[in-house]
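A quick write-up on the structure given underneath.
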Protein chains: 2
Amino acid sequence: MSHFPFQRLQADLAALISKTRAGDRLPSEPDLAKQLGVSRATLREAMRTFETQGLIHRRQGAGTFVVGQVPVMDAGLEMLESLDTMADRLGLEVSVSDLHVDGIPADKDHAAALAVPPSSKVTRVRRVMRADGRPVAYLVDCLPEEVLKPSQLPASFKGSVLDFLIDRGDRLTVSRAAISAIDATAEVAKPLEIQRGDVLLQFTSQLYNSAGKVIDYSSSYFIPGYFHFHVNRRVGG
Amino acid sequence: MSHFPFQRLQADLAALISKTRAGDRLPSEPDLAKQLGVSRATLREAMRTFETQGLIHRRQGAGTFVVGQVPVMDAGLEMLESLDTMADRLGLEVSVSDLHVDGIPADKDHAAALAVPPSSKVTRVRRVMRADGRPVAYLVDCLPEEVLKPSQLPASFKGSVLDFLIDRGDRLTVSRAAISAIDATAEVAKPLEIQRGDVLLQFTSQLYNSAGKVIDYSSSYFIPGYFHFHVNRRVGG
DNA sequence: CAGTGGTCTAGACCACACG
DNA sequence: GTGTGGTCTAGACCACTGA
């Protein structure tokens with residue numbers, strides 16, 4: 001028996017997953033832990049890696065399922081386009097769920113990013129993007145109320161704030177996105193159906209109009225494995 | 001007593017950390033777990049969040065220390081520059097440690113990225129970048145042997161492959177970087193002095209010369225909190 | 001309802017740092 | 001050696017799913 005349970009366990013799990021048909025359920029965690037000769041805690045730690053890669057999906061009360069080939073969205077970062085538009089361009093099917101639109105008072109973060117007074121009203125739009133029925137991104141947009149009131153969004157709103165603004169005729173120029181990697185908090189883990197502590201790619205963006213004013217402050221959380229973002233960087237001046 | 005130990009624990013830990021002077025040691029994990037009324041496993045789970053944010057640093061055998069204000073490297077992604085150059089521009093002190101240069105046979109990944117035959121020789125350069133003495137990034141460059149032999153690197157090599165190539169007169173044009181978020185594997189966790197499973201921002205880059213040939217394939221791993229990468233995205237065509 | 005994954009506990013052993 | 005963080009175990013209770 002190896003003295004490094006975790007490494008061996010990773011290999012054993014990889015073998016098990018690869019020989020399980022997509023969509024099928026793995027044995028329950030207690031059973032699997034017994035089979036592989038480790039405790040359930042260790043097993044779960046190892047499973048987190050495979051969930052991050054999008055190879056398995058765990059559903060409380062239901063089980064752990066092997067996930068089939070994932071549709072990957074590959075996009076450059078030079079251009080800003082909505083995930084909807086991106087999916088269209090790539091010929092992928094995406095859907096939106098858990099759409100919530102509300103008005104909230106600006107907190108310090110909003111006030112600084114949007115250049116509005118603290119406690120002024122901002123419109124918040126939250127939703128989950130799904131590909132193949134599985135959550136792949138969680139998006140939160142915040143806009144000053146004078147740019148967008150919750151009531152202005154039509155019943156037919158399909159989830160893309162960017163596309164809505166463009167269609168409405170707003171003159172948008174550029175978006176500045178900060179890129180980071182984070183642990184999922186409980187708030188974003190729940191809609192994305194992942195675990196708190198799972199790894200996410202985060203974009204925090206400010207969208208400018210032609211007057212140079214920030215009209216949208218958004219946080220986007222992407223589950224790794226479903227997206228391939230890339231950027232071309234020039235060398236020298 | 002709250003029914004949500006984790007949330008309360010996060011708040012308690014945050015309070016403890018904020019009132020501890022930078023550089024001081026926190027109580028040991030068993031002591032702290034007892035103080036806060038949770039098990040050590042739960043405590044460690046919560047601590048991971050603060051370590052990701054760079055607020056604390058855990059050293060096996062020594063203790064957990066509160067980290068002072070971190071020097072942040074803020075950089076756009078439109079231009080490719082070495083971390084050395086970036087640090088200079090920002091007036092920050094960085095150092096290189098754990099420099100390893102070796103020649104290895106190309107694996108499938110190298111062969112595909114560098115467009116060289118499998119098992120042909122590639123030169124690999126690995127090193128850790130430190131700011132304020134703390135590891136902040138782990139960098140691995142792989143170059144075909146005909147571009148760079150291990151013996152060609154001078155003893156004075158200070159860690160930047162990009163700067164070396166530029167100084168040598170290589171005509172470089174553009175770098176294509178793929179951006180991802182990953183769990184730290186054991187291999188990168190060790191040099192970065194973090195835990196396996198901690199979150200990292202990863203850039204995987206191909207550097208092109210003016211002939212359109214890939215001459216460097218690199219993987220860069222960044223600890224979140226020390227870097228603010230951003231990109232400006234144009235709207236529309 | 002039984003069974004699943006999500007969380008927490010108490011305790012153990014190890015490798016490592018430091019005096 | 002002593003004490004630290006790193007890891008693993010065995011068991012418990014909970015929330016949720018689905019028949």
- [ ] Tell me whether the OP1 or OP2 atom of C:dG6 has a side-chain N or O from A:Arg44 closer than 4.0 Å.
- [x] yes
Open item on the list: So, under a plain 3.5 Å distance rule, would you say the side chain of A:Gln60 forms a donor-acceptor pair with the base of D:dA15?
Closed with: yes
- [ ] Counting heavy atoms from C-beta on, name the nucleotide in D:dT17, D:dG5, C:dG5 closest to the side chain of A:Arg59.
- [x] D:dT17
Open item on the list: Which is more 5' along DNA chain D, the nucleotide nearest A:Ala41 or the one nearest B:Pro30? Just name the residue.
Closed with: B:Pro30
TODO: May I ask you to decide whether B:Arg126 forms a salt bridge with B:Asp98, counting only side-chain N to carboxylate O separations under 4.0 Å?
DONE: no
Task: Nearest-nucleotide comparison on DNA chain D, the residue closer to the 5′ end among A:Lys190 and A:Leu43 - done: A:Leu43
Task: Ion pair check, B:Arg44 and A:Glu45, cut-off under 4.0 Å - done: no
TODO: Using whole Å, report how far CD of B:Glu29 lies from P of C:dA15.
DONE: 18 Å
- [ ] Go through the N and O atoms of the side chain of A:Arg40 and the base of C:dT7, and report whether any donor-acceptor pair is under 3.5 Å.
- [x] yes
- [ ] Ignoring backbone atoms, establish whether A:Thr42 has a side-chain N or O less than 4.0 Å from OP1 or OP2 of D:dT9.
- [x] yes
TODO: Give B:Arg25 one of three labels, base, sugar-phosphate or nothing, depending on what nucleic acid heavy atoms sit under 4.0 Å from its own.
DONE: sugar-phosphate
Open item on the list: Using a heavy-atom cut-off of 4.0 Å across all strands, would you classify B:Gly37 as base, sugar-phosphate, or nothing?
Closed with: sugar-phosphate
TODO: Quick one: label B:Gln195 by what it contacts on the DNA or RNA (base, sugar-phosphate, nothing), any heavy atom closer than 4.0 Å.
DONE: sugar-phosphate
- [ ] Can you figure out which of D:dT7, C:dT9, D:dC8 approaches the side chain of A:Ser39 most closely?
- [x] D:dC8
- [ ] Please report, rounded to the nearest Å, how far the C1' atom of D:dC14 is from the CZ atom of B:Phe6.
- [x] 17 Å
TODO: Calculate the interatomic distance between A:Leu32 atom CG and C:dT4 atom P; express it in whole Å.
DONE: 12 Å
Open item on the list: Starting the side chain at C-beta, find the nucleotide from C:dG6, D:dG18, D:dG6 nearest to A:Ala62.
Closed with: D:dG18
Open item on the list: Quick check against the 3.5 Å criterion: does B:Asp132 have a side-chain atom that pairs as donor or acceptor with the backbone of B:Arg134?
Closed with: no
Open item on the list: Would you say B:Asp183 and A:Thr52 are linked by a side-chain donor-acceptor pair, where the criterion is simply a distance under 3.5 Å?
Closed with: yes
Open item on the list: Can you tell me if B:Arg58 touches the phosphate of D:dG6, counting only side-chain N or O atoms and a distance under 4.0 Å to OP1 or OP2?
Closed with: yes
Open item on the list: Main chain of B:Val66, side chain of B:Thr20: is a donor-acceptor contact present, judged purely on distance under 3.5 Å?
Closed with: no
